[in-house]
Amino acid sequence: MGLFGIFKGPKRRPKKGPREDLPPEVMAVVERLKSVIDPETGLDIIDEGLVYGLTVEGKLVQVFLLLARSTPECHFCQTIAVNVQRRILKDAIEVLRKQGFEKIELYNEIGLLLEDWSVEKEVSERPRVQVS
């Protein structure tokens with residue numbers, strides 16, 4: 001043991017997956033988001049580490065995602081990345097809608113709103129048919 005060996009404790013590795021002390025409503029959302037698959041890697045967005053934050057308040061859910069692009073100089077790669085991100089966002093909203101949330105907000109790593117959905121928004125955007 002060297003001079004500074006006494007200060008080194010046992011190496012700890014972080015556990016994979018979500019924390020075990022999450023509230024039940026948050027854990028239920030985490031479990032549902034495991035069904036959202038990244039089409040590029042084939043992994044779910046929880047195990048892939050794309051979800052780094054989650055807030056559940058009644059019928060509102062806010063999900064914070066890490067969707068940084070790895071190859072910003074390649075325009076073709078950017079197009080693929082944007083399409084992959086759109087698919088992940090669409091699938092996440094669909095999964096959370098089916099779970100009964102009335103307002104869903106998806107944010108990126110710097111807190112910008114990427115996508116949102118609400119019951120009110122869906123009702124107001126429905127095409128209206130006029131009967132004469």
Side-chain angles (χ1 to χ4, degrees):
M1 179 183 306
L3 178 62
F4 295 104
I6 59 171
F7 296 114
K8 293 182 181 177
K11 290 186 178 181
R12 294 184 185 164
R13 294 184 181 207
K15 292 182 182 180
K16 274 191 157 188
R19 295 180 9 202
E20 296 172 2
D21 61 341
L22 295 174
E25 63 274 9
V26 173
M27 199 59 175
V29 171
V30 168
E31 290 302 316
R32 291 296 297 149
L33 287 174
K34 285 185 177 183
S35 67
V36 177
I37 304 299
D38 180 340
E40 190 174 35
T41 64
L43 299 171
D44 71 75
I45 63 172
I46 297 296
D47 290 341
E48 192 172 11
L50 296 182
V51 177
Y52 75 92
L54 188 59
T55 302
V56 178
E57 294 177 5
K59 293 291 184 179
L60 163 69
V61 62
Q62 297 172 318
V63 182
F64 298 86
L65 300 165
L66 292 169
L67 296 174
R69 295 185 194 133
S70 58
T71 54
E73 287 80 29
C74 172
H75 297 293
F76 181 71
C77 297
Q78 284 182 357
T79 303
I80 292 172
V82 167
N83 288 329
V84 167
Q85 290 172 9
R86 284 185 186 147
R87 174 69 184 271
I88 290 170
L89 297 174
K90 178 182 154 285
D91 291 351
I93 286 178
E94 187 62 31
V95 162
L96 296 170
R97 281 180 57 197
K98 287 180 181 176
Q99 192 170 347
F101 287 101
E102 294 178 2
K103 186 163 177 61
I104 302 162
E105 298 172 346
L106 305 175
Y107 294 89
N108 70 1
E109 55 274 3
I110 59 172
L112 295 175
L113 182 65
L114 297 171
E115 191 76 42
D116 67 331
W117 175 89
S118 68
V119 172
E120 295 87 19
K121 187 176 175 181
E122 185 174 281
V123 169
S124 68
E125 290 179 356
R126 284 187 188 156
R128 297 173 192 242
V129 178
Q130 292 182 349
V131 178
S132 303

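Every value quoted in this text rests on a predicted model; they were computed, and no experiment measured them. Numbering starts at 1 and runs along the sequence shown. Computed from heavy atoms alone, side chains included, the values below leave out hydrogens, waters and symmetry copies.
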Quiz item: Taking ILVMFWY side chains as joined if any heavy atoms are under 4.5 angstrom apart, and letting links pass through other members, which residues group with Leu113?
Solution: Tyr52, Phe64, Leu66, Tyr107
Self-check item: Separation of Asp91 CG from Asp38 CG (nearest 0.5 Å)
Solution: 10.0 Å
Practice problem: Could you tell me which non-hydrogen atom of Leu60 sits nearest to which non-hydrogen atom of Glu105, and how far apart they are? | Solution: CD1-CD, 4.1 Å
Quiz item: Counting only N and O atoms by type, is there a donor-acceptor contact under 3.5 Å from the side chain of Glu40 to the main-chain atoms of Val84?
Solution: no
Exercise. Examine the side chains of Glu102 and Ser118 and answer whether a donor and an acceptor come within less than 3.5 Å of each other.
Key: no
Quiz item: Looking only at heavy atoms, what is the nearest atom pair of Leu65 and Val63, with distance?
Solution: CD2-CG1, 3.8 Å
Self-check item: Side-chain donor/acceptor of Asn108 to backbone N/O of Leu112, under 3.5 Å
Solution: yes
Practice problem: For residues Ala92 and Leu33, report the shortest heavy-atom separation together with the two atoms involved. | Solution: CB-CD2, 4.2 Å
Quiz item: Could you give the distance from CG (Leu43) to NZ (Lys34), rounded to the nearest 0.5 Å?
Solution: 12.5 Å
Quiz item: Where do Leu22 and Met27 come nearest, in terms of heavy atoms and distance?
Solution: CD1-SD, 3.8 Å
Practice problem: Would you check if the side chain of Glu25 reaches a backbone N or O of Val56 as a donor-acceptor pair within less than 3.5 Å? | Solution: no
Quiz item: Taking all atoms of both residues into account, what is the closest heavy-atom pair of Arg87 and Pro39, and its distance?
Solution: CG-CG, 3.8 Å
